[in-house]
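Below you'll find the structure, written out as structure tokens, and then a few comments.
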Amino acid sequence: MFASTPRHFLGPNVTALVPLNLLAAAFTHSHSDVSMRIQHGYSDLGLVFGVYGALVLLLLQSNVLKKLLLALLLVGNIAFFVVNTWITVNGMGIPFGSQFHLALAAIFAANYFLISRTHRSFTS
């Protein structure tokens with residue numbers, strides 16, 4: 001079946017990255033190198049959305065505390081994007097892989113909650 005919107009072209013919803021990374025943390029290195037690269041590549045896509053969302057909302061925000069939180073989220077997304085891209089290119093076998101997947105799940109959850117909450121404050 002064809003995608004009904006351009007968003008469906010990108011695959012599953014980015015919010016699926018939280019449980020996906022929690023599972024990857026629980027079962028590190030019990031998957032193939034190809035599936036690991038796909039998962040990390042898809043996580044990169046989620047981080048790009050996080051960078052974009054945090055940047056747009058940071059530029060629109062006037063509240064200093066929310067601006068600070070969005071700036072921290074932006075820096076975190078950029079840092080995780082760089083490291084995650086390195087993992088995607090170089091493959092499995094990094095130390096502390098479980099902790100990295102837990103941190104990825106945490107930043108995706110933070111992206112979802114902070115960006116959706118900030119977006120709601122603009123629309124209401």
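The figures that follow rest on heavy atoms only: side chains count, while hydrogens, waters and symmetry mates do not.
For the pair Met36 and Ile87, the tightest heavy-atom approach, listed with the atom from each and the gap, is SD-CG2, 4.0 Å. When all heavy atoms of Ala25 and Ser98 are compared, the closest pair comes out as O-OG, 3.2 Å. In terms of heavy-atom proximity, Asn21 sits nearest to Ser43 at ND2-OG, 3.5 Å.
When Leu58, Leu57, Leu69 are each tested for a side-chain contact (heavy atoms from CB on, under 4.5 Å) with Leu74, only one passes: Leu58.
Here the side chains of Val18 and Leu104 are not in contact, with every heavy-atom distance at 4.5 Å or above. Inter-residue side-chain proximity for Leu47 and Leu17 is flagged as unmet; no heavy-atom pair is nearer than 4.5 Å.
Screening residues 77-88 for side chain to side chain donor-acceptor pair (under 3.5 Å) gives His40-Asn84, Asp44-Asn84, Asp44-Thr85, Asn77-Asn111 as the qualifying pairs, with residues at least two apart or on separate chains. Among residues at least two apart or in separate chains, there is no side chain to side chain donor-acceptor pair (under 3.5 Å) pair with a member in residues 45-59. Within the structure, ring pair (Phe, Tyr, Trp, His ring centres under 6.0 Å) contacts touching residues 54-73 (residues at least two apart or in different chains) do not occur.
In the hydrophobic clustering, Phe113 connects to Tyr112, either directly or through intervening members, whenever side-chain heavy atoms lie under 4.5 Å apart. Grouped with Phe96 in a hydrophobic cluster is no other residue, since no side-chain heavy-atom contact under 4.5 Å to another Ile, Leu, Val, Met, Phe, Trp or Tyr is found.
There is a path of hydrophobic side-chain contacts, each under 4.5 Å, that joins Leu73 to Val56. Under a hydrophobic-cluster definition in which Ile, Leu, Val, Met, Phe, Trp and Tyr are linked whenever side-chain heavy atoms come within less than 4.5 Å, directly or via other members, Leu60 and Val51 are assigned to the same cluster. Note on Ile78 and Leu45: same hydrophobic cluster, where clusters join Ile, Leu, Val, Met, Phe, Trp and Tyr whose side-chain heavy atoms are under 4.5 Å apart, directly or indirectly. Transitive grouping of hydrophobic side chains (ILVMFWY, heavy atoms separated by less than 4.5 Å) keeps Val75 and Leu114 in distinct clusters.
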Side chain to side chain contact (heavy atoms under 4.5 Å, CB included) for Leu20 and His101? Distances and angles first, verdict last. CA-CA 9 Å; Leu20 182 65; His101 280 288; over 6 Å; no
Could you give me the CA-CA distance, side-chain angles and deciding distance for Phe100 and Val83, then say whether side chain to side chain contact (heavy atoms under 4.5 Å, CB included) is met? CA-CA 10 Å; Phe100 183 75; Val83 173; 3.6 Å; yes
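Shown here are the side-chain hydrogen bond (donor to acceptor under 3.5 Å, both in side chains) partners of Gln61, two or more places apart in sequence or in another chain: there are none.
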